[in-house]
Amino acid sequence: MTLLRHTLLRPLSPLYGLVVWLRNLFYDLGILKSHSFPFPIICVGNITVGGTGKTPHVEYIAALLSQSAPTAILSRGYLRRSSGFRIVQTGDRVDEAGDEPLQLAQRLPQVRVAVDRNRVHGINELRKLFPELKAIILDDGFQHRAVKAGLNILLTDYNRIMTRDKLLPYGRLRESITGKKRADIIVVTKMAAKISGNEAAQLSREINPGAHQQLYFTTFDYGELRPLFNGEKEKKITKSTGVILVTGIADPTPLVEYISSVAENVIHLQFSDHHRFSKSDIIMISSALDRLEQNDKIVVTTEKDSVRLKEIAIIADRFREVIFFLPVKVRFLENEEEFIKRVTEYAGKNT
């Protein structure tokens, strides 16, 4: 952190914190109205800016609940240029639906996915259009106090635990760490593949969940590479594969570490979160690929980035053949059955 940032931004954090504290106080006192629903509403979110693995966890919960009952996901629809309430279709463009809602709709065809900046309006519209729904999952709704969810799931990135962060704009906290008390479940995400008993105990002491809260630990499992454009044939990376890794996500660190563990020659082209890819970006990626000396060379991107990359019409056929995306799934390191029971019992009991 530079001295300039320390000097300019740190004094602004208390002012930001005061504004957020007053807002939360008004909701707690009932001056600002929180809407409750006689219907299962599950909120998945965080109190930090981006990078906690929210979308894979929303997908995990939606896939779980939709096995036994009609389920919907409601998102703000970041990156979309449409307005109001919209049901996301698998053939939509990012401008119409947003990148993460479009990704979720394509991954979960059995789940209704909708976008609406006004979450209360969105919930009412979903229930009106689909009265058979048994649960609605709010994607990134922890700070949207206008909806009082029945089950709040708070995520925190293991690489930047919320208890070690600072308020915006100096840090990445959207509100004071005391906001975690509104959660029913806290999940530490992006952990290594294994966790020791000592580390679990240390994290539990640091996060200090309340008596009503459960704490869980998850990691990411990566699937086989899938072609972005041509066919369904999966791709295997070997040590001799040359890889151009293209990311436009908040925290690509776990992905970079994984790709670097399976391929020796990796060039990472990092873009900002939700980056809108352009013709010049494609030219830069193609040039980087051409410079690789390996005979077996490919472009790898994330599933979220793939929905934006796929819309670039100027990609040449020869380049389309070597672009792949890497699916990711959530895996609980311990107590998964307990988590499943808590979520499914809440949804079933409150239907």
Is it true that a side-chain atom of Q106 and a backbone atom of Q103 form a donor plus acceptor pair closer than 3.5 Å? no

For the backbone of S261 and the side chain of K239, can you confirm whether one donor and one acceptor N or O come within less than 3.5 Å of each other? yes

Could you walk me through whether R331 and E336 pass the salt bridge (Lys or Arg N to Asp or Glu O under 4.0 Å) test, one step at a time? CA-CA 8 Å; R331 176 166 59 87; E336 181 176 20; over 6 Å; no

Taking only residues two or more places apart in sequence or in another chain, which ones pass side-chain hydrogen bond (donor to acceptor under 3.5 Å, both in side chains) with S204? none

Using only atom types and a distance under 3.5 Å, with no angle test, would you say the side chain of H212 pairs donor to acceptor with the backbone of A183? yes

SB check K54 D251 (cutoff 4.0 Å): no

Between Q143 and N46 (side chain of the first, backbone of the second, donor and acceptor by atom type, cut-off under 3.5 Å), is there such a pair? yes

Residues at least two apart in sequence or cross-chain that pass ring pair (Phe, Tyr, Trp, His ring centres under 6.0 Å) with Y222, listed by chain then number, are Y258

Separation of L155 CG from Y216 OH (nearest 0.5 Å): 13.5 Å

Is it the case that T241 and D296 place a side-chain donor and acceptor less than 3.5 Å from each other? yes

Mutual orientation of the aromatic rings belonging to F339 and F332 [parallel < 30°, tilted 30-60°, perpendicular > 60°]: tilted

Flag for D116-N118: side-chain donor and acceptor within less than 3.5 Å: no

Give a yes or no on whether the backbone of L289 and the side-chain of K297 come within a donor-acceptor separation of less than 3.5 Å. yes

Return the set of residues passing ring pair (Phe, Tyr, Trp, His ring centres under 6.0 Å) with F271 (not counting sequence neighbours), or none when no residue passes. H275, F277

Whether T71 side chain and A69 backbone form a donor-acceptor pair below 3.5 Å: yes

Look at E206 together with R164 and state whether they make a salt bridge at an N to O cut-off of under 4.0 Å. yes

Whether the side chain of D281 engages the backbone of S278 through a donor-acceptor N/O pair (distance < 3.5 Å, no angle test) should be reported. yes

Verdict with supporting geometry, L65 and V343, side chain to side chain contact (heavy atoms under 4.5 Å, CB included): CA-CA 8 Å; L65 295 180; V343 172; 3.9 Å; yes

Any ion pair linking E59 and R107 (charged N to carboxylate O, less than 4.0 Å)? yes

Check whether S66 reaches the backbone of A62 with its side chain - one donor and one acceptor, N or O, closer than 3.5 Å. yes

Determine whether K304 and E100 satisfy the following criterion, salt bridge (Lys or Arg N to Asp or Glu O under 4.0 Å), listing intermediate values before the conclusion. CA-CA 6 Å; K304 185 171 87 169; E100 290 170 345; 3.2 Å; yes

Thinking salt bridges, do E175 and R182 make one under a 4.0 Å N-O criterion? yes

Is it true that R174 and D165 have a side-chain N and a carboxylate O under 4.0 angstrom from each other? no

Taking the cut-offs as 6.0 angstrom to the six-membered ring centre and 45 degrees off its axis, would you call R320 and F229 a cation-pi pair? yes

Using the salt bridge (Lys or Arg N to Asp or Glu O under 4.0 Å) rule, take K341 and E338 through it: C-alpha gap first, then chi angles, then the decisive distance, then the call. CA-CA 5 Å; K341 182 179 179 182; E338 178 186 288; over 6 Å; no

Give me the ring orientation class for F220 and H57: parallel if the planes are under 30° apart, tilted from 30 to 60°, perpendicular past 60°. tilted

Whether the T302 and D305 side chains hold a donor-acceptor pair (N or O, under 3.5 Å, no angle test) is what I'd like checked. yes

Sub-3.5 Å donor-acceptor pair from the side chain of E311 to the main-chain atoms of V94, do we have one? yes

Less than 4.0 angstrom from a charged side-chain N to a carboxylate O is my criterion; do R76 and D139 meet it? no

Modelled atom types, side-chain donor and acceptor of N198 and S196, under 3.5 Å: no

Verdict with supporting geometry, D92 and R86, salt bridge (Lys or Arg N to Asp or Glu O under 4.0 Å): CA-CA 11 Å; D92 281 350; R86 180 185 179 90; 3.1 Å; yes

Under a 4.0 Å threshold between the charged nitrogen and the carboxylate oxygen, would E224 count as salt-bridged to K236? yes

Are any of the side-chain nitrogens in R145 or D28 under 4.0 Å away from the carboxylate oxygens of its partner? yes

If only atom types and distance count, is the side chain of K134 paired as donor or acceptor with the main-chain N or O of P40 below 3.5 Å? no

Non-hydrogen side-chain atoms of E345 and I340 separated by less than 4.5 Å: no

Distance-only polar pair, side chains of N265 and Q294, donor-acceptor under 3.5 Å: yes

